[in-house]
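We number each residue from 1, following the sequence as shown.
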Amino acid sequence: MDLGLKDKAVVVLASSKGLGKATAMRFAEEGANVMITSRDEAALKATAEEISEKTGSRVEYKRCDITKKEEITSLVSAAAEAFGTIDVLVNNAGGPPAGNFDSFGDEEWESAFQLTLLSLIRTVREVLPHMRKNGSGRIINIASSSIKQPIDGLTLSNTFRTAISGLSKSLSQELGKDGILINTIGPGRIGTDRLQELDGKIAEQRSISKEQVKEEMVKNIPLGRYGTPEEFAKTIVYLGSEANTYITGQSFLIDGGMVKAL
């Protein structure tokens, strides 16, 4: 299937590693021009070179702290200047700290809001003029499986990831007339550094090994394993492509069937 992504301009946030990197790689494999970003410039440079060498596509990079408004503005401007427009935005951010409600004060709540929700709001705001000018666009927001079922010990993430899903639904109603499709994807247990961190925290709390944590978690996944970033990226790229012409305002899980809630 031709996804119609050749020479499309794609911005992927938090993309020097993990889900963001896999997503950027997959877009580049389809011939898209990709802007990657994170706070680690050395990692960005290495990732951009790797993706470009493997795919032959154009890959630009720019350091960006997505909790800072001016850096988001600069990022989107750089992408539009490099590629001439922006066709696809993939919002992604590292998760806030693990912990229960009593673990956090106002400072932690403010920081989690800035990282997880406000950064997304600002980035969408910046790309909309380009997409409206084109009369089309695709926005995919990476959240968490907690948009369907809260995860124990991740109160901050549960709160703001669910807000992303609600915002996406609202925006789908407003942006349809502009030909802009927006969807939310919730990863389950996908094998990334973030998952290793969360498994390690569970292991520490329960005084067991990370391997034991993984064995227990896998028992709750009908497919019997953790997913891979490459598997995850396939769905993101489809939703961001010209092959997707009628899916908007939806929240999907990529979790191997782990979450039982509808």
Side-chain angles (χ1 to χ4, degrees), residues 12-26 29 36 38-40 42-44 46-47 50-51 54 66 90-104 108 111-112 115-116 140-162 164-165 184-237 251-262:
V12 184
L13 302 189
S15 42
S16 64
K17 61 182 180 179
L19 299 180
K21 177 182 177 180
T23 298
M25 179 74 78
R26 187 64 182 163
E29 287 172 348
I36 63 172
S38 77
R39 290 178 295 181
D40 187 337
L44 276 173
T47 296
E50 178 187 351
I51 295 174
K54 287 184 177 180
I66 61 172
V90 180
N91 275 308
N92 186 31
N100 296 318
F101 184 79
D102 290 335
S103 305
F104 306 116
E108 289 82 10
S111 295
L115 173 66
T116 311
I140 303 96
N141 300 319
I142 299 177
S144 162
S145 63
S146 63
I147 61 176
K148 298 288 187 179
Q149 181 174 289
I151 300 171
D152 291 346
L154 292 182
T155 297
L156 293 176
S157 180
N158 292 340
T159 301
F160 293 112
R161 302 297 195 190
T162 305
I164 289 172
S165 184
T184 300
I185 297 294
R189 302 195 73 78
I190 311 293
T192 63
D193 291 343
R194 167 69 170 169
L195 185 62
Q196 288 289 323
E197 176 189 337
L198 294 175
D199 280 359
K201 189 157 186 82
I202 294 170
E204 182 181 344
Q205 290 171 343
R206 297 178 54 195
S207 299
I208 60 176
S209 69
K210 285 201 293 187
E211 289 71 23
Q212 287 174 291
V213 171
K214 183 174 181 179
E215 288 175 6
E216 290 183 12
M217 294 297 180
V218 164
K219 289 178 182 177
N220 295 317
I221 301 174
L223 293 187
R225 60 179 176 83
Y226 284 0
T228 68
E230 293 73 23
E231 289 175 308
F232 178 86
K234 292 176 184 177
T235 301
I236 299 288
V237 171
S251 296
F252 301 95
L253 298 188
I254 303 176
D255 71 342
M258 178 183 69
V259 173
K260 298 176 177 62
L262 294 175

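In this structure, OG on S15 lies 6.5 Å from CG on L44, to the nearest 0.5 angstrom. Once rounded to the nearest 0.5 Å, the distance linking OG1 of T23 with CD1 of I140 reads 9.0 Å. Here I36 contributes atom CD1 and M25 contributes atom CE; the two are 9.5 Å apart, rounded to the nearest 0.5 Å. Atom CG of residue N141 and atom CG of residue L13 lie 9.5 Å apart, to the nearest 0.5 angstrom. In this structure, S145 OG and M258 CE are separated by 4.0 Å, a value rounded to the nearest 0.5 Å. For the atom pair CD of Q212 and CD1 of I202, the computed distance is 12.5 Å after rounding to the nearest 0.5 Å.
For the pair E29 and K54, the salt-bridge criterion is not met [side-chain N within less than 4.0 Å of a carboxylate O]. Salt bridge status for K234 with E230: absent, with no side-chain N to carboxylate O gap under 4.0 Å.
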Take I147 and I164, measure what side-chain contact (heavy atoms from CB on, under 4.5 Å) needs, and give me the verdict at the end. CA-CA 8 Å; I147 61 176; I164 289 172; 5.9 Å; no
Stepwise side-chain contact (heavy atoms from CB on, under 4.5 Å) check, L253 with I185: CA-CA 6 Å; L253 298 188; I185 297 294; over 6 Å; no
Determine, stepwise, if the pair R26 / E231 fulfils salt bridge (charged side-chain N to carboxylate O under 4.0 Å, His left out). CA-CA 10 Å; R26 187 64 182 163; E231 289 175 308; over 6 Å; no
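Across every non-hydrogen atom of P222 and G256, the tightest pair is CD-O, 3.3 Å. P96 and T116 make their closest contact through CD-OG1, 3.7 Å (heavy atoms, listed as atom of the first residue, atom of the second, distance). Looking at every heavy atom in both residues, T155 comes nearest to F101 through OG1-N, 3.5 Å. Nearest heavy-atom pair across A112 and F160 is CB-CE1, 3.7 Å. Here the closest heavy-atom approach between residue L19 and residue P229 is recorded as CD2-CA, 4.1 Å. Considering every non-hydrogen atom in both P187 and F232, the closest pair reads CB-CE1, 3.5 Å.
Side-chain atoms of N92 do not come within 3.5 Å of backbone N or O of I142 as any donor-acceptor pair. Side chain of Q149 to backbone of S146: no donor-acceptor contact under 3.5 angstrom is found. Counting only distance, with no hydrogens or angles, the side chain of S165 and the backbone of T162 share no donor-acceptor pair below 3.5 Å. Remark: side-chain polar atoms of N100 are not paired, donor with acceptor, to backbone N or O of S103 under 3.5 angstrom.
T235 is linked by a side-chain hydrogen bond (donor to acceptor under 3.5 Å, both in side chains) to nothing, counting only residues two or more places apart in sequence or in another chain. Residues forming a side-chain hydrogen bond (donor to acceptor under 3.5 Å, both in side chains) with T47 (at least two apart in sequence, or on another chain): none. The side-chain hydrogen bond (donor to acceptor under 3.5 Å, both in side chains) test applied to E216 returns R206, not counting sequence neighbours.
In this structure the side chain of R189 never reaches within 4.5 angstrom of the side chain of D255, judged on heavy atoms. Residues V90 and I236 form a side-chain contact, since some pair of their non-hydrogen atoms from C-beta on lies under 4.5 Å apart.
The closest side-chain donor-acceptor pair between Y226 and D199 falls under 3.5 angstrom. For Q196 and K210, the side-chain atoms include at least one donor-acceptor pair closer than 3.5 Å.
Within 6.0 Å of CZ on R39 lie no more than 12 heavy atoms contributed by other residues, nucleotides or ligands.
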